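The block underneath contains the structure these notes are about, expressed in structure tokens.
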Protein chains: 2
Amino acid sequence: MTDEKKPRRRPRSDGQRNRENLLKVAKAAFTAGEVDIPLDEVARRAGVGIGTLYRHFPNRDALIEAVYRAELDSLADAAPILAAQHPPVEALRAWMRLFVDYIAAKLVIAPALNGLAGGTGALYAQSGTVLQDAIEKLMAAAVASGDISADIEPVDLLRALAGVSNYAAGPGWETSAKRLVDILIAGSRAPAS
Amino acid sequence: MTDEKKPRRRPRSDGQRNRENLLKVAKAAFTAGEVDIPLDEVARRAGVGIGTLYRHFPNRDALIEAVYRAELDSLADAAPILAAQHPPVEALRAWMRLFVDYIAAKLVIAPALNGLAGGTGALYAQSGTVLQDAIEKLMAAAVASGDISADIEPVDLLRALAGVSNYAAGPGWETSAKRLVDILIAGSRAPAS
DNA sequence: TTGTTAAACGGAGTGACTCTCCGCATATAT
DNA sequence: ATATATGCGGAGAGTCACTCCGTTTAACAA
């Protein structure tokens with residue numbers, strides 16, 4: 001019933017190496033825009049058989065999720081740091097801008113995120129929770145300090161941000177995206193009651 | 001060089017019928033959530049051969065675009081009407097809410113829009129222009145009346161809206177999306193100079 | 001070292017899907 | 001009624017995701 005520990009053996013070193021290699025190759029391909037790269041090709045570039053790829057990642061989505069989970073986590077980790085360095089509203093703004101930067105640097109690729117089966121949720125439901133937690137805490141602080149209105153759903157802002165990443169195209173989109181961040185912040189301000 | 005007119009013959013009636021049938025079937029499937037439906041199946045349901053489908057729509061994306069173009073157009077058409085009925089800012093707000101309604105009614109399906117190859121642009125570059133025109137005019141009016149700030153990019157709002165449609169999941173998302181509309185409007189207001 | 005064994009590997013094979021090609025059918029115009 | 005451009009249909013080629021299972025190898029014990 002409870003989780004038994006069966007540490008019979010140490011995990012095999014070649015297994016871990018291959019797994020990391022696959023992730024590295026996949027990330028390189030995805031960030032290079034080859035979102036639709038065949039999985040055979042990923043395996044080939046990583047110097048492993050297709051069977052090995054599928055043992056580590058049961059399907060395409062699993063691979064994509066694994067590639068981005070680390071990025072998502074590091075984005076989430078930045079939240080408490082920013083919170084410590086800035087006043088609440090500015091921390092929120094800074095984090096949202098960082099979100100945009102991540103997209104700009106192709107560290108997080110929206111098409112890949114959205115391309116997931118069923119479109120939505122699948123990935124954000126699992127990996128996305130860390131982002132939700134991050135923004136929720138930032139907003140809670142800003143609400144507590146009386147800077148932003150209490151009846152704003154954190155998720156809404158995240159959605160808007162994610163939306164921008166979908167349509168990240170054309171020159172100047174990045175500054176345009178940061179302008180949107182300002183709009184969102186301004187729109188979330190508590191009325192000067 | 002210029003577009004020659006060669007109206008040798010009237011288009012064949014069966015051709016038009018089949019085309020409409022395909023669109024009807026495809027729309028039904030897409031709105032029912034069967035975004036990944038095989039094209040053979042679409043052809044079968046429409047009672048035509050696969051070859052016929054591919055003559056009318058050279059690839060999957062073309063079909064998706066054709067299905068939604070009408071919806072997109074009607075959404076765009078609503079803009080001037082709303083503009084005539086409401087003061088500028090309210091017209092803008094109403095239109096953005098209408099956008100959300102369309103998504104809610106599954107008349108426009110975000111997963112399908114985003115699932116397009118290459119992720120971005122492909123569809124919005126063509127069909128999306130009508131939406132851009134629509135919101136640009138609404139915003140121009142609101143800027144002219146001094147209600148909203150001049151340095152807001154219309155596309156940004158569209159992006160945010162589209163983003164929300166991606167993550168349209170879970171109960172209450174709709175009201176949450178409309179709240180986002182209000183945030184965006186509030187954030188776009190011109191400073192009471 | 002050597003033997004044992006569980007863990008991991010590789011890649012041929014399967015089924016599903018997209019898209020092409022081209023001979024056949026039919027609506028339109030004369 | 002005849003001619004012909006227009007549209008139809010579906011077999012088949014090419015690609016891809018994912019499975020299966022015989023073979024290899026790293027980890028551990030003796």
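Here the structure is a predicted model, which is why all the values come from computation and not from measurement. Reminder, nothing fancy here: chain letters follow the sequence lines and each chain counts from 1.
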When all nucleic acid strands are considered with a 4.0 Å heavy-atom cut-off, which category describes N18(B): base, sugar-phosphate, or nothing?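 Here N18(B) touches the backbone only, sparing every base.
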So what does G51(A) hit on the nucleic acid, given a heavy-atom distance under 4.0 Å: a base, only sugar-phosphate, or nothing?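 Contact class for G51(A): base.
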Go through [options] for me and flag the one nearest to the [X] side chain.
| X | options | value |
| --- | --- | --- |
| L39(B) | dC19(C), dC9(C), dA12(C) | dC19(C) |
| R55(A) | dC18(D), dA27(D), dC9(C) | dC9(C) |
| V48(A) | dA26(D), dC18(D), dG10(C) | dG10(C) |
| R10(A) | dA17(D), dC8(D), dC28(D) | dC28(D) |

Just the rounded figure in Å: distance from [atom2] of [N] to [atom1] of [X].
| X | N | atom1 | atom2 | value |
| --- | --- | --- | --- | --- |
| D36(B) | dT18(C) | CG | C1' | 13 Å |
| D14(A) | dA7(C) | CG | C1' | 8 Å |
| I50(A) | dC21(D) | CD1 | P | 18 Å |

Shortest non-hydrogen separation from T31(A) to A28(A) and the atoms involved: OG1-O, 3.1 Å
So which heavy atom on A46(B) is nearest to which on N21(B), and how close?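 Distance-wise, the nearest heavy atoms are O-OD1, 3.7 Å.
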Evaluate the salt bridge (charged side-chain N to carboxylate O under 4.0 Å, His left out) criterion for residues E20(B) and K24(B): first the C-alpha distance (whole Å), next the side-chain angles of each, then the deciding distance (0.1 Å), finally the verdict. CA-CA 6 Å; E20(B) 277 164 31; K24(B) 203 177 66 185; over 6 Å; no
Counting only side-chain nitrogens and oxygens, does S13(A) get under 4.0 Å of the OP1 or OP2 atom of dA26(D)?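 S13(A) to dA26(D) OP1/OP2: no side-chain N or O under 4.0 Å.
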Give a yes/no answer on whether the side chain of R9(A) brings an N or O atom under 4.0 Å of OP1 or OP2 in dA6(C).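 So the side-chain polar atoms of R9(A) never come under 4.0 Å of the phosphate oxygens OP1 or OP2 of dA6(C).
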Could you go through D182(B) and R97(B), starting from their C-alpha distance and side-chain angles, then the distance that decides it, and tell me whether this counts as salt bridge (charged side-chain N to carboxylate O under 4.0 Å, His left out)? CA-CA 9 Å; D182(B) 292 335; R97(B) 285 179 174 246; 3.2 Å; yes
Quick one: does R60(A) reach the base of dA17(D) with a side-chain donor-acceptor pair under 3.5 Å?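 Per atom types, no contact qualifies.
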For G15(A) and for Y54(B), locate the closest nucleotide of DNA chain C by heavy-atom distance; then report the residue assigned to the nucleotide nearer the 5' terminus. G15(A)
Would you kindly compare I37(B) and R12(B) by the position of their nearest DNA chain C nucleotide and give the one closer to the 5′ end? I37(B)
So that I can tick it off, tell me whether K178(A) and D101(A) are bridged by a salt bridge, with the cut-off set at under 4.0 angstrom between side-chain N and carboxylate O. yes
